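What follows is one structure encoded as structure tokens, with my remarks underneath.
Lettering follows sequence order; numbering is per chain, from 1. Bear in mind that the values here come from a model prediction, so they are computed numbers and not experimental data.
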Protein chains: 2
Amino acid sequence: MARKPTVYDVAREADVSIATVSRVLRTPERVRPQTRQTVLNAISLLGYLPSGSARSLAARKTNSIGLFLPNIDQLDQIGEFELTSDDAADMVIDPPQGQEDNTDSLYFDEVLRGCELESWRQGLSLMVSIGLRGKGDDIPQLINSMSEKVDGLIVLARSVPDTVLAFLRKRLPVVMIANAPANQENEFDLVRVSNRKGMYVLVRHLVEEHGVTSMAYVAGTDDSPDNGKRYEGFCEGLRSEGLEPSAAPIYRGQFSQSSAYQITGSLVRQGTLPRALVCANDQMALGALRALSEAGVDVPGQVIVTGFDGIKETAVSRPRLTTVRQPMVDLGRAAVSTLVKRLEDPDSPPISTELPVRVELRESCEGAMD
Amino acid sequence: MARKPTVYDVAREADVSIATVSRVLRTPERVRPQTRQTVLNAISLLGYLPSGSARSLAARKTNSIGLFLPNIDQLDQIGEFELTSDDAADMVIDPPQGQEDNTDSLYFDEVLRGCELESWRQGLSLMVSIGLRGKGDDIPQLINSMSEKVDGLIVLARSVPDTVLAFLRKRLPVVMIANAPANQENEFDLVRVSNRKGMYVLVRHLVEEHGVTSMAYVAGTDDSPDNGKRYEGFCEGLRSEGLEPSAAPIYRGQFSQSSAYQITGSLVRQGTLPRALVCANDQMALGALRALSEAGVDVPGQVIVTGFDGIKETAVSRPRLTTVRQPMVDLGRAAVSTLVKRLEDPDSPPISTELPVRVELRESCEGAMD
DNA sequence: TTGTAGGCGTTATCAC
DNA sequence: GTGATAACGCCTACAA
């Protein structure tokens with residue numbers, strides 16, 4: 001493979017000017033069919049492929065967009081990767097499961113799918129990157145890696161530190177998925193789900209269909225807007241049923257299985273289990289389920305448990321978990337769609353979209369009133 | 001936000017030449033500290049961000065690589081996406097699970113993670129795209145979308161038609177994950193796992209530790225090289241234990257849960273269940289498990305079941321499934337690593353890497369001999 | 001150490 | 001319908 005052919009090579013081969021070659025590619029109808037064919041032949045003969053860089057430079061846009069996902073694991077621990085061909089097979093007995101946090105990645109992967117899909121439909125290329133860790137030192141690296149190569153950015157909540165976010169935002173359009181930094185909600189293009197409404201509907205269902213009057217809220221970290229919105233919905237749901245939210249205990253978890261596992265364990269030992277444990281996410285609901293199962297507490301007979309997010313495990317746990325499913329793929333698609341709008345019209349006011357969620361009823365609350 | 005600032009703006013602001021600005025960015029040590037600082041100030045004052053296109057054009061490389069994943073769903077069915085803000089929540093009872101094929105995506109997502117990770121480590125940007133469907137019509141679209149913007153490509157097996165693959169290969173470096181088109185195995189840079197060895201070790205384990213002498217192979221589609229290699233390993237395993245491979249029945253599935261579910265159901269009804277069902281992938285093993293469970297057949301007591309791939313469900317099924325785990329993240333990392341080598345040295349001979357797999361023993365074959 | 005100038009491969013605006 | 005030619009924003013000898 002010699003040097004890559006350019007328009008000049010094609011032009012020479014077809015005996016036309018480079019302008020004509022360009023036209024054949026961009027506006028074929030403005031070229032006489034015969035000339036066009038000659039050029040096309042030359043192109044395929046030489047195996048010519050236009051240079052994206054040159055094209056982007058001239059057109060002043062890249063037709064690419066970037067997506068930042070949160071970093072799952074500690075990237076710090078990632079070392080060299082050694083390429084060694086090794087036709088072998090180890091054997092292990094009952095391998096431990098991965099860190100529980102990994103299941104989060106499912107969420108992101110679906111969002112990614114959505115972005116991929118919609119970018120493809122819109123004729124855009126999608127550039128993907130894991131987010132940055134805390135230190136701002138990585139900014140130069142970030143710049144080199146991505147933002148200089150795209151027309152706009154999609155950022156999943158908390159995948160990029162606020163300072164970096166501010167930096168990027170000054171330079172190119174940014175769409176946030178899930179939520180913006182505190183107090184800047186109406187300055188960003190935003191795509192999110194109706195956390196509040198989902199929890200609201202769920203709580204009302206518990207009261208109306210299952211006669212639950214005593215429920216506790218197992219919260220996530222308080223700095224999470226998701227958690228905040230969900231708690232709001234929880235309170236509103238209670239209130240709309242004539243129940244007093246302040247009478248419902250809050251137990252503070254960390255969005256993790258283990259946190260809810262411990263909390264639930266304590267409640268069992270103290271004998272202070274409510275009729276229903278409403279968890280701020282699925283991971284915690286699963287943790288609660290595990291603790292209850294180990295304690296021999298019947299779900300949903302004695303205690304109802306609900307989650308939030310709709311991760312895959314909810315459909316295979318025992319009992320299967322009632323949850324509020326987020327439309328993750330649509331989140332991605334909506335984000336791309338929003339970004340495209342923003343690129344077309346840079347000065348329009350912020351676009352905010354709230355996608356509906358879906359309450360999915362399963363055994364963990366089913367038939368509990370009977 | 002006015003027009004984006006360029007080197008010229010920065011140069012003017014700092015009262016230096018554009019060459020100096022460039023040097024500050026690329027080779028800071030060759031600039032007097034004082035000048036450097038002036039330039040840096042101007043840069044941050046203006047919010048200057050170098051243009052990736054221009055840089056790539058001048059440097060004759062993009063520092064980006066592309067990844068093609070197979071398209072999961074039928075993209076044809078994907079329509080417009082309408083942006084509508086809708087603070088709502090539906091409710092459904094016991095929603096059906098997604099199409100079973102979706103679990104495949106887990107596999108790809110992990111590969112993607114690996115690519116992402118290693119690209120990041122190597123300072124490269126990663127461009128992601130779902131593959132193309134059969135028709136070659138999409139080639140122009142493909143060209144515009146991706147190959148013109150990257151230095152090299154990573155392609156997951158069967159995510160791109162062979163014809164398109166041939167086209168791309170002529171124009172830029174391509175690394176295949178899993179396997180190359182038939183009869184071209186030694187022309188490609190390849191990264192794969194030791195399917196053969198994994199199955200071999202598994203089969204020997206079944207014979208030696210569990211005394212299994214009667215086993216059946218539940219195959220995937222025969223056009224799959226994976227399936228072929230695994231079957232080879234199966235046969236070799238038997239042979240090495242003094243058993244005759246041709247005496248072991250093959251049941252032809254489609255890599256899908258339902259196919260194995262039906263096959264297993266038939267075996268139950270016919271009363272022709274072997275001591276062990278060795279499945280070519282996890283999906284089929286799960287299907288078999290389901291059929292056996294419904295028929296009241298004890299696993300592993302009466303029948304041992306094994307899978308291949310190591311998808312997440314294997315760790316939560318009942319009983320949990322013995323399987324051969326593919327190091328999916330490492331596949332991705334190895335692919336990027338290979339591509340980097342190829343880019344550094346375009347003319348070296350094809351690089352082929354085979355990563356070791358890991359046999360994971362769980363209840364579906366545990367204690368079966370006791 | 002710093003500046004000048006040519007080139008990277010396209011697109012787009014003019015004339016012809 | 002086609003062909004010069006000037007951007008596009010950056011890099012990099014080569015000079016100064």
### Query
Does the side chain of A:Met127 reach to within under 4.5 Å of the side chain of A:Ile65, using non-hydrogen atoms?
no
### Query
Between A:Arg113 and A:Glu116, is there a side-chain N and carboxylate O pair less than 4.0 Å apart?
yes
### Task
Kindly confirm or rule out a cation-pi arrangement of A:Arg171 over A:Phe167, judged by NZ or CZ under 6.0 Å from the six-membered ring centre and within 45° of its axis?
yes
### Query
Can you give one letter per nucleotide of nucleotides 11-16 of chain D, going 5' to 3': B for a protein heavy atom under 4.0 Å from the base, S for sugar-phosphate only, - for none?
BBB---
### Summary
side chain to side chain donor-acceptor pair (under 3.5 Å) pairs touching residues 26-40 of chain B, sequence neighbours excluded, are B:Gln37-B:Asn41
#### Entry: Phosphate contact (D:dG3 OP1 or OP2) by A:Thr20 side-chain N/O below 4.0 Å
yes
### Task
List for me each residue that meets side-chain hydrogen bond (donor to acceptor under 3.5 Å, both in side chains) alongside A:Gln122, sequence neighbours excluded, and say none if there are none.
A:Glu118
#### Entry: Interface limits on DNA chain C, where chain B has a heavy atom under 4.0 Å of a nucleotide atom
C:dT1 to C:dG9
## Note on the structure
Contacts of A:Thr62 meeting side-chain hydrogen bond (donor to acceptor under 3.5 Å, both in side chains) (sequence neighbours excluded), chain-then-number -> A:Asp151
### Pairs touching residues 45-60 of chain B that satisfy side chain to side chain donor-acceptor pair (under 3.5 Å), sequence neighbours left out
A:Asn144-B:Arg55
For residues 8-16 of chain B, run the donor-acceptor check on the side chains, cut-off 3.5 Å, and write out each pair with its distance to 0.1 Å, sequence neighbours left out.
| residue | atom | partner | partner atom | Å |
| --- | --- | --- | --- | --- |
| B:Asp9 | OD2 | B:Arg3 | NH2 | 3.3 |
| B:Asp9 | OD2 | B:Thr6 | N | 2.7 |

### Axis bend over the full length of the helix from C:dT1-D:dA16 to C:dC16-D:dG1, computed from five pairs that close each end, to 10 degrees
40°
### Task
Assess the side chains of A:Ser64 and A:Lys149: does a donor N or O sit below 3.5 Å from an acceptor N or O?
no
#### Entry: Within residues 30-44 of chain A: residues closer than 4.0 Å to DNA chain D (heavy atoms)
A:Arg30, A:Val31, A:Arg32, A:Thr35
### Query
Among all residues two or more places apart in sequence or in another chain, which pass the side-chain hydrogen bond (donor to acceptor under 3.5 Å, both in side chains) test with A:Asn63?
none
### Query
Of all residues at least two apart in sequence or in a different chain, which pass the salt bridge (charged side-chain N to carboxylate O under 4.0 Å, His left out) check with A:Arg342?
A:Asp189
### Query
Would you say A:Ser17 reaches D:dG3's phosphate, i.e. side-chain N/O to OP1/OP2 under 4.0 Å?
yes
### Query
With B:Ser352, which residues qualify under side chain to side chain contact (heavy atoms under 4.5 Å, CB included), at least two apart?
B:Leu190, B:Arg192
